[in-house]
Protein chains: 2
Amino acid sequence: MCAAAPAERPLRRDAERNRLRILEAAHAAFAEGGLEVSMDDIARRAGVGVGTVYRRFPKRELLIEALFEQRLEEIVVLAARMLEHDDPWDGIADFVESFTAIQVEDRGMRDLLLSTAHAERRVERTRDRITPMVEELVRRAQASGALRPDVVGTDVALVHFMLGALGDYTREVQPEAWRRFVGLVLDGLRDRRDAPSPLAGAPLDAEQLDAVMRCWRP
Amino acid sequence: MCAAAPAERPLRRDAERNRLRILEAAHAAFAEGGLEVSMDDIARRAGVGVGTVYRRFPKRELLIEALFEQRLEEIVVLAARMLEHDDPWDGIADFVESFTAIQVEDRGMRDLLLSTAHAERRVERTRDRITPMVEELVRRAQASGALRPDVVGTDVALVHFMLGALGDYTREVQPEAWRRFVGLVLDGLRDRRDAPSPLAGAPLDAEQLDAVMRCWRP
DNA sequence: AGTCAACCGGAGAGCGCGCTCCGTTTGATG
DNA sequence: CATCAAACGGAGCGCGCTCTCCGGTTGACT
C-alpha cells in the first residue's frame, strides 16, 4: 500500500508470542547454566524450533542484549543506592553482599558482568558507569576510617569475582554458603577490628564439601 | 620361549620414548589449560598420533593418574610440614598461600584437587589424608588465639577454592595478583587485629582489569 | 474467502571433540 | 639378516553444538 513504511512493523501475533516464550526460556536457561547453554536447549525450553530462535535473534549476542538490557540498568541503580548509606562502610558491605547475591541467583548475570566474551559494548558501557561509583564508595569508606587504606576500586571487582566463583561452586549443595565468606572477606577489608563479626549460616560439613567437589566440573 | 612370563615386559625403546614425551606434553598442557584439554592437543604437543596416546593411556583418567601420582604426595607432605611451624597461625597462613600458589602454577592440579570429575579414587584418598591435618591446623591456630573461632576445616577448603578461582581469573594478565587477596582473606581469618597486614604487590589498574575480563571465558 | 508475506519447524551442513580401527613401520630376537 | 609382535599414525565414526535453508503453515489484510 503506502510505499514509505520503513519503520518496524509490529510482529505477527504468533511471532510475538514466541518471542516472549524465547526470552522467558532463555532467562531461565541462562540463570541456571550461564551464558553458554546451547541454543537447542533454549528452543526446547521455549517449545519452539531452533530456526525460530535464530529468526528472532540471529546472533546469540542479540538475545543476551535483549534479555539483560534492563537488568544491567538495575545494577547501576544498585551501585548508586549504595552511595546513600549513612555509614560509608555499610555502602561497601551492602554492595559486596548484594552484588554477590545477584551473581548467585543468576549465573548469566555473573558471566555477563565479569567477562567480556558476550555482549561487549553494552556491558562495557555499564561498567564504565559503575566504576566511578565504586571508587567513590572506596574513597568515602577509607575517609571514614572503616576500610583499609591499601585497597582500590579494582580490588573490589576482584572480590566480587572471588565470591561469585565460590557461590557458583557451592550453589547446588548449599545455596546460602557464600554468605559466610562475604563476612570473612569483609572482615579482611576492615581497617582494624576487635572480635570478628559473626558469620552468616552454618559451615559445610564434610559430606557437603564432598558433594560440592563431586558435582563441580572445571 | 619361556612360557610363564606373565609380568610386565619392558616397553620397546620407541614406545618408552613416546610414553615420556606424552607425559611431558600432558603435564604442560594440563598446567596451562586444565584437565579438559583435548587429547589431540596433547598428541600434537608430544609430536605423536592420537592413537599412540590412547594405546599407552586408554582412558584419560589413567594419563592423569600417571602424571599426578607423585604430585599428590607432595601435597600431603606440604600439609604435614605446615604442622611444624612454631606459630600455629603461620601454619595456616603458609598453607593457604602455598596451596594457592600450586593451583596457580598448574591449572591441572587445581582441577584435580577441587573437583572429583577426574581420577576419583586416588584424589579421594589424598583428600582423606589431608583433611585431618587441616583440622589440626585449625584447632591449634584457634587454641593459640590467632584464628577466629568460628571457622572450621571445610571453610579452609573453600577459601582455597576462592583464591584459586581468582588466580585462574587474573593469571594471564598479572600472575602474582592473587597474592594481594591471600593477604586480604588471611586478615579476615584472624581473630582480632590492629592495622591490616600489608598486601603483596600492586593492585590491578583499570586497563588490566579490563584485560582480565576480556580474556576470561566462563 | 482469498491472497501472500511472514513465520514455523527441523533436517542438515560444517566443525571439533573423544575414541577406535587398521594398514604400515620398527625394533627386539635368534 | 630374517621374522614378527608390538607400536605407530591418522582416517574415520559418533556425538553435540552453531547456524542455515527451505517446504509447509498461518495470521493480517482486503
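Proteins come first, then strands; the chains are lettered A, B, ... in the order of their sequence lines, and each starts at number 1. Predicted, not measured: the structure shown is a model, and the values here were computed from it.
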Would you indicate which nucleotide in [options] comes nearest to any side-chain atom of [X]?
X: B/Asp14; options: D/dC19, D/dT26, C/dG27; answer: C/dG27
X: A/Ala15; options: D/dT20, C/dC8, D/dC17; answer: C/dC8
X: A/Val50; options: D/dT20, D/dC8, C/dA28; answer: D/dT20
X: A/Arg9; options: C/dG18, C/dA6, D/dC8; answer: C/dA6

Of A/Gly49 and B/Tyr54, whose nearest nucleotide on DNA chain C comes first from the 5' end?
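Here A/Gly49 is the residue nearer the 5' end.
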I'd like to know if the side chain of [X] reaches the main chain of [Y], judged simply by a donor and an acceptor atom lying under 3.5 Å from each other, with no hydrogens or angles considered.
X: B/Arg148; Y: A/Ser197; answer: yes
X: B/Tyr169; Y: A/Leu114; answer: yes
X: B/Thr170; Y: B/Ala177; answer: no

Atom [atom1] of [X] and atom [atom2] of [N]: how far apart are they, to the nearest Å?
X: B/Met39; N: D/dG10; atom1: CE; atom2: C1'; answer: 16 Å
X: A/Glu36; N: C/dG16; atom1: CD; atom2: C1'; answer: 15 Å
X: A/Glu16; N: C/dC8; atom1: CD; atom2: P; answer: 11 Å
X: B/Arg17; N: D/dA6; atom1: CZ; atom2: P; answer: 19 Å
X: B/Leu63; N: C/dG18; atom1: CG; atom2: C1'; answer: 14 Å
X: A/Phe57; N: D/dT20; atom1: CZ; atom2: C1'; answer: 18 Å
X: B/Leu11; N: D/dA5; atom1: CG; atom2: P; answer: 18 Å
X: A/Ile22; N: C/dG9; atom1: CD1; atom2: P; answer: 8 Å

Polar side-chain contact B/Arg12-C/dT26 base: donor and acceptor under 3.5 Å:
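Such a pair is found, so the answer is yes.
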Ring center gap for A/Phe161 and B/Trp216 short of 6.0 angstrom
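Under 6.0 Å, so yes.
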Between [X] and [N], is there a contact of a side-chain N or O with OP1 or OP2 at under 4.0 Å?
X: A/Asn18; N: C/dC8; result: yes
X: B/Thr52; N: D/dA7; result: no
X: B/Arg19; N: D/dA7; result: no
X: B/Arg55; N: D/dA6; result: no

Side-chain donor-acceptor pair under 3.5 Å between B/Ser98 and B/Asp94, yes or no?
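A pair is found: one side chain offers a donor N or O, the other an acceptor, under 3.5 Å apart.
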Take A/Gly51 and A/Asp40, find for each the nucleotide of DNA chain D with the closest heavy atom, and name the residue whose nucleotide sits nearer the 5' end.
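It is A/Asp40 whose nearest nucleotide is closer to the 5' end.
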